[in-house]
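Values below: every heavy atom of this structure, side chains too, minus hydrogens, waters and symmetry copies. In each ligand, atom 1 is the first atom listed, and ligand 1 is the first ligand listed.
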Amino acid sequence: MTSPLRIACVGEALIELIAPSLPGEARLNVAGDTLNAAIYLRRALPEPHRVHFVTALGTDRMSDQMIDFMQAEGVETGEIERREGLRPGLYSISNDPSGERSFGYWRENSAARRMFQTGATCDFSALDGFDVIYMSAISLAILPAPVRASLLEWIAQRRQDGVRFAFDSNYRPTLWEDLETARHTVARAWALCDIALPSVDDEIALFGGGEADVLARFHAHTDCRGALKRGQNGPVAINDDGDPAANFPAAEGVVDTTAAGDSFSGGFLGAYLQHGFVADAMAQGHDFATAVVKHPGAIVPRALWDQMFERP
Ligand SMILES: Nc1ncnc2c1ncn2[C@@H]1O[C@H](COP(=O)(O)OP(=O)(O)O)[C@@H](O)[C@H]1O
Ligand SMILES: [Mg+2]
């Protein structure tokens, strides 16, 4: 086995409020793209490897409970900043009378938006000592523009010391000031990337063109390995190291595609970081995602997951 790795997954953990009717009974979960990926990555890796979630939360009771949730999944929380007077972000899922889901967000002033910020300066020391840093465009979008730029610059320097940078596109237009800023920032992230996990829809929305253009762009980036996520069409390797004959069957009995991409990323990284084989990593990512889309919500409960993947 490779020597134990320390992996930092960076982003925002949100309170998820599922409210079928108002007034009525609601259900609460903890959600967030890079947190979902961290949980599936933790499930994919043997114990000696360490998976941290790096964010900022408040000092309130709900923030405590979110940390308890992460720890119960084996995700480490020792680098999470606790900010007095700030709170976690929240989002709601409700259904209109036809069953269509709609989302509402209360995250503009969340603690996570202040991560790495001490007074007027940035402090990225929470990320010191990690072998791999994983984040998404959402992790960058929620930060003020100067902090984003400094973070990417800090990562560029750490890469010279051998730190690997993994990135998932996850483009959410409403989180960005404008398309041009998103495009510029994500392009910079891809330029720094060692392990790229883009989704074809995100890339087309950001950069235009079609799937062939997306693949040509990543193909030209020869230092980088990874997979292009293509929903039910299955993933494709971004270099020549996928298995061209690989078949990724569409899932049957799809219930909820929430966290398909996040679980793919967790499964992919879990395999790739251990062995370095893209074809096997894509297979594990796809296995994880096809399991996740058959269940409601982002996180398949642990006991059920262990049964599905036949773990003792
Ligand atoms: N309906 C589906 N059937 C089979 N696999 C799926 C399905 N939807 C998603 N996947 C798997 O999940 C991966 C990520 O899904 P995708 O929808 O592309 O990501 P995102 O959620 O980031 O948009 C796909 O590459 C594929 O492996
Ligand atoms: Mg995605």
Check: Below 4.0 Å from any atom of ligand 1, is there a heavy atom belonging to D201?
Finding: no
How far is [atom] from the closest protein heavy atom, and which atom is that?
atom	result
atom 1 (N) of ligand 1	Q232 CB, 3.5 Å
atom 22 (O) of ligand 1	S199 OG, 3.0 Å
atom 27 (O) of ligand 1	H286 ND1, 2.6 Å
atom 25 (O) of ligand 1	R230 N, 3.4 Å

Would you call the rings of [X] and [Y] parallel, tilted or perpendicular if under 30° counts as parallel and over 60° as perpendicular?
X	Y	value
H275	F277	parallel
F288	W305	perpendicular
Y91	Y105	parallel

Check: So, N170 and the Mg ion (ligand 2): N/O/S under 2.8 Å, yes or no?
Finding: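 Here the distance criterion (N, O or S atom, under 2.8 Å) is met by N170, so yes.
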Margin query: Can you check which of A260, S169, G231 brings a heavy atom nearest to atom 6 (C) of ligand 1?
Written below: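 Among A260, S169, G231, the closest heavy atom to atom 6 (C) of ligand 1 belongs to G231.
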Next item on the list: Please work out which of A289, G261, G285, A227 has its closest non-hydrogen atom nearest to atom 19 (O) of ligand 1.
Entry: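 Among A289, G261, G285, A227, the closest heavy atom to atom 19 (O) of ligand 1 belongs to G261.
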Next item on the list: Answer yes or no: does an N/O atom from T290 fall short of 3.5 Å to an N/O atom of ligand 1?
Entry: no
Check: Relative to W176, does R172 satisfy both conditions: NZ or CZ under 6.0 angstrom from the six-membered ring centre, and within 45 degrees of the ring's axis?
Finding: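 No, R172 does not lie over the aromatic ring of W176.
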Margin query: If we ignore hydrogens and angles and just use 3.5 Å, is the side chain of E73 paired with the main-chain N or O of F69 as donor and acceptor?
Written below: no
Margin query: Under a 3.5 Å distance rule, please check whether S139 uses its side chain to pair with a backbone N or O of V10 as donor and acceptor.
Written below: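 At least one qualifying donor-acceptor pair exists.
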Notebook entry, point to check: What atoms of ligand 1 come closer than 4.0 angstrom to any heavy atom of V254?
Noted result: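 Once the distances to V254 are compared, the set is 1 (N).
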Item checked: Atoms of ligand 1 close to P235 [distance to a heavy atom under 4.0 angstrom, numbered from 1] ->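 Selected atoms, number and element: 25 (O), 27 (O).
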Check: Looking only at heavy atoms, which two atoms of D202 and N170 are closest? And how far apart?
Finding: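 Taking D202 first and N170 second, the nearest heavy atoms are OD2-N, 2.9 Å.
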Check: Any idea which part of A251 is under 4.0 Å from ligand 1, heavy-atom wise: side chain, backbone, both or neither?
Finding: both
Notebook entry, point to check: Heavy-atom count around R87 CZ within 6.0 Å, excluding the residue itself: above 12?
Noted result: no
